[in-house]
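These notes are about the structure you will find just below.
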Amino acid sequence: MRAAVVALGVTLSACLASSSTDPQNGTAVDHGRALFSDPKASPSASNTFTCATCHRGDGSTTTIQPGAPLAGVTTRRSFWGGQRLDLLESVNDCRMFFMDARAPWTTDDEDARAMYAYIAQLPPTLPAPVAFTVVSPTDLPTGDAKRGAVAYDLACRTCHGTAHGGAGRLATFIPVLPDDVVRGHAMLTPEKLRLVFIGKARMGAFRGGGSMPPFSREVLADEDLAGIVAFFGLD
Amino acid sequence: MRLPLAALLLTSLASCASDDGAAPRVFEPYAGPAPYPSTRPKLALPDGDFALVPSSASDTLTLVDLGSGEPVGAAPIGRDPVAVDGPHQVVADRARGVAYTVLSYPGSAANAGQHSHGASNVAGWVQVLALDDLRAVGELRVDPNPGEIALSDDGQRLVVTHFDLTAASNAQASIEARRASLAVVDPRTIQAFGTPEPDKLLVCVAPHGVTLSHPDGAKAFVACYGEDVVAIVDLVDTTAPVIRVPVASSVKPDPPVGPPAFGPYAVALSPSGGRLAVSNRDAKELRFLDIALASMESLVVPLLGSPYFAAWSADAARVFVPTRGLDALSVVDASTGAVLRTKVFDVATCAQPLEAIVAADPATVFVVCEGLANVPGAVLTVDAATLEVRTRTAVGVSPGRSFVGRGR
């Protein structure tokens, strides 16, 4: 009996001590860093994206990401190619258009404040606005399928998984490329089908809904996009 | 005794762990300087006349100093950072320090590049902007194809028409089903996020231009393009039937689907509130509604082009009418209907005049020119007597109806 009581005491002491000194605890920056890679930046149960899906924070990446690197973002005066002048509004664009959040963060939300703490301490390597050219979907010259295969792996695979199979895609509701899209647009001519892919890549959720972020011409060159379309066999 | 103690031990261990077995992370709250500080440029209203001009193709709002003819500020607006939001009208409440713009999303590739022209299936929005820096401070969802907005003089009533040409052209539908609504809201209730849907009153087929009675907006007067009527809507007793006044005696009560014979597109209320100028776009004429009698006057003013958004002179003696087809500004004697003078614009000066706005100075009229596709529009300062153009200020592509005010 006495031994059991002692054991309980030790357990409780250890538990209480961990809440103040355990390395699992952290600063607001730590909070923001964790949130950066956590789908819980949006409370939506269906969200699978994190900020890191599209943006580089203080880590490195070998993929083509649609979002601008965030080092220096708190010193930039505009975002989204000049269509936004407020950083929090831009953050909320991501959360609400791509991450299925139903309400914006405000400056009083602790998660928003922690995210700010994290991105504000990133080295200000890119203080100027990052170019983001919105391209109206127009057809492209025939691309190089080999170049497209490489571009697909760099730009599309993170979310859509392997081409044709979808292995490793972020969620089952994300279409397998190109097969699911081709099936869903069986009534379209090949020319219009090409425009579906091009339009979706360029405008993402802002063309026809969904949750896909758009790839500007700056991050995904026309030649790469044309190559992806050729890689899909739509040339 | 042994069993409860063991249970207590297990419970204490469980409470120490998170769902996945790891200890829950506890973070310090952020305690730095105010996060997300605004770096928006402040907008200083000019001392004299100024205009707030929306561009429905570039999703911007430009502040124009009408005295110097120079743009003195601009900011991006809209809810969508990528696609065209189609802001095509702005009104302002100086007392509250806000402007209201209506976002009319194109909704299809056919309309891409500027605001909807009646065939979109994307919900429209009213966005509330702070006048000091044009940041968004409120939003209200409305139906697709919002046409025009009007704000009462006292700032307590805002209405939005829905220019729904899809419903209007449904040959299988009844006249009721072809009609679209007027959204009515107290703009002070519009919240930053999650504003409840506004009240909507079914008014007529393809309602477009709208204005409100002075000063409290108790009644709305709506140009019903698809039904060749002016709708008079009681906004105090919203159960009262909508009064639909045919713009001509030849108008049939249940018009067939197809192009309207008259096409009332815009309305302008006289300063006293006693008369309504009705721009019949398709018939290329201006007519007048007697408000007290709720009937059209016999006066008909044929014009050489299609009339758009007209403006009354302060003394109600004249009406300034922009026209298209023949891109021009005409001055009409409001008593006799005589066209007193017409200024024809060359394309470099003013392509596709959209609206006339009477300045605080009665000697001046402003004209908003929509411009050609992908060519920036302009705001003209025009001599009210001679109609000579004094200044021309280039603005964004496809400018919409604008707000003109006088600064400090």
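Just so it is clear: chains get the letters A, B, ... in the order the sequence lines come, proteins before strands, and each one is counted from 1.
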Considering all heavy atoms of both residues, which atom of [X] and which atom of [Y] are nearest to each other, and what is their separation?
{"X": "A/Glu110", "Y": "B/Tyr30", "result": "OE2-N, 2.8 Å"}
{"X": "A/Gly82", "Y": "B/Pro76", "result": "O-CG, 3.2 Å"}
{"X": "A/Arg84", "Y": "B/Gly78", "result": "NH1-O, 3.1 Å"}
{"X": "A/Phe206", "Y": "B/Asp80", "result": "CD2-OD1, 3.0 Å"}
{"X": "A/Leu85", "Y": "B/Thr39", "result": "O-OG1, 4.3 Å"}

Measure [X] against the heavy atoms of chain B and call it side chain, backbone, both or neither at under 4.5 Å.
{"X": "A/Met96", "value": "side chain"}
{"X": "A/Asp30", "value": "both"}
{"X": "A/Thr107", "value": "both"}
{"X": "A/Phe97", "value": "side chain"}

- Answer whether the closest heavy-atom distance between the side chains of A/Tyr116 and B/Pro37 falls below 4.5 Å. yes

- Task: For side chain to side chain contact (heavy atoms under 4.5 Å, CB included), just list the numbers for B/Val82 and A/Trp80, CA-CA rounded to whole Å, side-chain angles, deciding distance to a tenth of an Å, and then say yes or no.
- Result: CA-CA 8 Å; B/Val82 171; A/Trp80 284 108; 3.6 Å; yes

- Query: In Å and rounded to the nearest 0.5 Å, what is the CD to NE2 distance from B/Glu28 to A/His31?
  - Reply: 12.0 Å

- Item | Value rounded to 0.5 Å, distance of OG1 in A/Thr27 from CZ in B/Phe27 | 8.0 Å

- What part of B/Leu134 gets closer than 4.5 Å to chain A, counting heavy atoms only: side chain, backbone, both or neither? neither

- Query: Okay, side chain of B/Tyr36, backbone of A/Ala112: is any donor-acceptor separation there less than 3.5 Å?
  - Reply: yes

- Message: How about CZ on B/Arg96, more than 12 heavy atoms from neighbouring residues, nucleotides or ligands closer than 6.0 Å, or not?
- Response: yes

